Amino acid sequence: MTDKASQPDHSKPGDATEQIQIPLKELIKTRRDKVTKLTSAGINLYPYRYERTHVITELLENFDTMANDETVVRLAGRVMLRRKMGKASFADVRDGSERLQIYVKLNNVGQEGYDLFDTIDLGDIIGCEGTLFVTRTGERTLKVTSFEILTKALHPLPDKHAGLVDIETRYRRRYADLIVNPEVREDFIKRTKIIRTIRDFLNNNDFLEVETPILQPLYGGGMALPFKTHHHRLDRELYLRIADELYLKRLLVGGFEKVWEFCKDFRNEGIDRLHNPEFSMIELYWAYADYRDMAAMFEQMLRQVVFELHGTYRIPYHDHEIDFEPPFKWISMIDSIREETGVDFSGMSFEQATAAAKKLGVTGDGLINRGKVIEAVWEAKVEPTLIQPTFIADFPFEISPLAKKHREKEGLTERFELFIAGLEMGNAFSELNDPVDQLQRFLQQGKALEAGDDEAQPLDDDFITALMYGMPPTAGLGFGVDRLIMILTNKHNIRDVLLFPQMKEMKEGSVPVSKILAQIVDEESTGDTE
RNA sequence: GGGGGUGUAGCUCAGGGGUAGAGCUCCUGCCUUUUAAGCAGGCUGUCGAAGGUUCAAAUCCUUCCACCCUCACCA
């Protein structure tokens, strides 16, 4: 078919004059040729709108009645399969709700219409009008009396049976993944549903949804490396937020008593199955409450979200069944270590704790204070064992610079984290509101920064100023939305709950599709075809 | 960053020093209730990239790139 008389130009890759010789080009060209041919025949393959009477689920719900009444209906969707038998054809059309078979017969659409239907490729988006009937094999079907092409697809669809399996392509071209893998679509609908349920819960509990800066002059509220950027007019460094905590607390100072934010946060750290550089957190702050109150509310929220999605409190996650029926287990960090190892770290000095940790086989570079040592022991010995929802409470003072000192326990803070299936699902404090204490914590963090802890938090002068105006006693909570969704949709990798996960740049080995298209169009205009 | 694995047609995958393979897609023909429609015929490849070994490399070696799993650190 293709004339190979002219040798491909073996110039450098990326050279625009290089002749692309791959099958994909022929597939695209075949489709493109249909467009030019039909366009010159006066048919617009990219029209502006189509008047639908129903989406497919609506047709299926009222199928018998509408079939009996021979109601004329109009639907639109993508052609997923085609079965041609001479002068009649079947096709499967999928819209945003469901799939339906259509039946296109020469007698019903005329020669011109049937010829047009012949040009349709898998992936094209069409609109059709007709009546409903059931085939003799029992399949509910639309008998088409007229149709039009609403969008011509130039790129072929993945395999109609096997679908799109390659994980890398699924992430890089999520649109293709969504077209051919309906279960992926379902998972992302679940994501939206989960977030909506949380939003409803917070609204119903009189929490005010607010928005605070993503571009921050100073980062804080978490332990992480930030993304840095530069504002030209202001000529100053700005950071993408790693958390919104310090801004929400300023609102507590300002008199809002229950606030929350759905926040996109950014952390300049590794990418793996649990981490994406941008991710979603929900943070909420509740005046006149403490961390115990927050734990009770968090339980109720999760309970409601789980039930809303699954209709039960016990859900599968990999090899486990997770039971979300409150109350969740509550245990202090130090007690949990003692339960697991028999070693009691309470009251230990830095030196004693280091020695005890060493005996347990826990050592490391970053263990620069007592709190870090205890945390490291806990992470090694306890965290992996936490399958059922468990609150770990009362973290060491040194690793909790924004939490209030524990009202009874020396060296600890009023802080909990929730763990489910070994994943951290939330972090909450009785929020530190004594400006002097907070100032001292910041100064201590400054020392940690100097000591090589590059995740220690910088001093935020305006935040201290705000606390000097007075923040009421407050409980605060932040939790990772993506991880919660992972648990609730039984996904092992954060990329499966992010529509467009961060990927490295593709550098070699593939021809840009747009370049193929540009070359085809170029050949059309120069008449250099066939 | 360490260890293990993968990369072959648009998609799903075989092959494994000597002519590049299959199914689906696509193209042509037949077929007016099929359904992964069927039947007959046909087109299609920088075998991830760059080097090396060899008479000969998709295959063996080295380096690099991307992706997956895993370990260490962070949500």
Side-chain angles (χ1 to χ4, degrees), chain A residues 1-2 8 10 13 18-31 33-34 80-92 99 101-109 114 121-123 133-139 141 143 154-173 176 180 222-225 242-243 265-281 364-366 376 379-380 417 423-427 454-455 478-484 486 492-495 501 503-511 513 516:
Chain A
M1 193 206 261
T2 312
H10 286 297
E18 185 192 10
Q19 199 59 30
I20 299 164
Q21 291 291 355
I22 56 174
L24 177 60
K25 185 181 175 187
E26 287 309 310
L27 295 175
I28 294 173
K29 186 166 161 44
T30 304
R31 290 169 176 233
D33 286 346
K34 291 177 181 175
M80 302 303 294
L81 287 173
R82 212 163 62 111
R83 296 174 288 281
K84 189 188 167 193
M85 296 152 306
K87 298 180 178 63
S89 292
F90 290 91
D92 287 5
R99 180 205 74 92
Q101 175 172 267
I102 65 168
Y103 180 51
V104 181
K105 194 162 67 159
L106 174 62
N107 297 8
N108 292 339
V109 297
Y114 201 72
D121 292 293
L122 301 188
F133 77 110
V134 179
T135 66
R136 66 182 176 210
T137 54
E139 173 134 4
T141 303
K143 188 182 290 174
L154 292 183
H155 197 291
L157 241 38
D159 189 279
K160 65 185 181 186
H161 185 54
L164 181 61
V165 174
D166 181 68
I167 290 178
E168 185 175 351
T169 311
R170 287 185 44 225
Y171 293 150
R172 290 190 190 274
R173 298 191 184 170
V180 298
M223 310 278 241
L225 287 176
I242 59 170
D265 290 338
F266 307 84
R267 298 189 180 178
N268 205 342
E269 288 168 349
I271 298 176
D272 61 28
R273 75 174 190 91
L274 294 174
H275 299 88
N276 195 64
E278 65 179 285
F279 63 104
S280 300
M281 288 233 293
D365 294 337
E379 279 175 359
E417 289 191 350
L423 299 182
E424 187 200 323
M425 294 303 304
N427 182 17
D454 55 9
E455 288 172 352
F479 61 94
V481 174
D482 309 302
R483 286 190 183 175
L484 177 61
M486 282 173 66
H492 195 59
N493 195 311
I494 194 169
R495 287 177 160 174
M503 303 290 280
K504 288 189 200 168
E505 191 182 0
M506 291 257 268
K507 282 180 183 155
E508 293 167 337
S510 65
V511 184
V513 177
I516 299 173

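Protein chains get the first letters and strands the later ones, always in sequence-line order, with residue 1 at the start of each. Keep in mind that this is a model prediction, so the values were computed, not measured.
- For B:A37, one of the phosphate oxygens OP1 or OP2 lies less than 4.0 angstrom from a side-chain nitrogen or oxygen of A:R83.
- Across all strands shown, B:U6 forms a Watson-Crick or G-U wobble pair with B:A66, both key distances being under 3.5 Å.
- Within 4.0 Å (heavy atoms only), A:N276 reaches at least one base atom of the nucleic acid.
- With a cut-off of 3.5 Å on both pairing distances, B:U54 has no Watson-Crick or G-U wobble partner at all.
- One P atom belongs to B:U33, the other to B:C69, and the distance between them is 48 Å to the nearest Å.
- Separation of the P atoms belonging to B:U46 and B:A9 is 8 Å when rounded to the nearest angstrom.
- For B:G5 and B:C11, the P atoms lie 25 Å apart once the distance is rounded to whole Å.
- Summarising the geometry, the separation between NZ on A:K160 and P on B:U25 is reported as 4 Å, rounded to the nearest angstrom.
- As rounded to the nearest Å, B:A66 and B:A37 have C1' atoms that lie 39 Å from one another.
- Between B:C43 and B:U28, the distance separating the two C1' atoms is 10 Å to the nearest Å.
- Comparing atom distances between the A:T30 side chain and each of B:U70, B:C31, B:C27 picks out B:C27 as nearest.
- Both distances falling under 3.5 Å, in either a Watson-Crick or a G-U wobble arrangement, place B:G1 opposite B:C71.
- Comparing B:G10, B:U33, B:G23 by their nearest atom to the side chain of A:D159 picks out B:G23.
- A:M80 contributes atom CE, which lies 14.5 Å from atom CD of A:Q101 (distance to the nearest 0.5 angstrom).
- As judged by a 4.0 angstrom heavy-atom cut-off over every strand, A:D265 is placed among residues making no nucleic acid contact.
- The side chain of A:P23 approaches B:G45 more closely than any other nucleotide in the set B:U12, B:G45, B:A66.
- The CD1 atom of A:I28 sits 5.0 Å away from the CD1 atom of A:I516 when rounded to the nearest 0.5 Å.
- When both pairing distances are held under 3.5 Å, B:A40 makes a Watson-Crick or G-U pair with B:U28.
- B:C73 sits 45 Å from B:G17 when the C1' atoms are compared, rounded to a whole Å.
- Comparing B:C26 with B:G10, their P atoms are spaced 15 Å from each other, to the whole Å.
- Residue A:R495 is in sugar-phosphate contact alone, with no base atom involved, counting any heavy-atom pair closer than 4.0 Å across all strands shown.
- Annotation: B:A20 and B:A57 have their C1' atoms spaced 13 Å apart (nearest Å).
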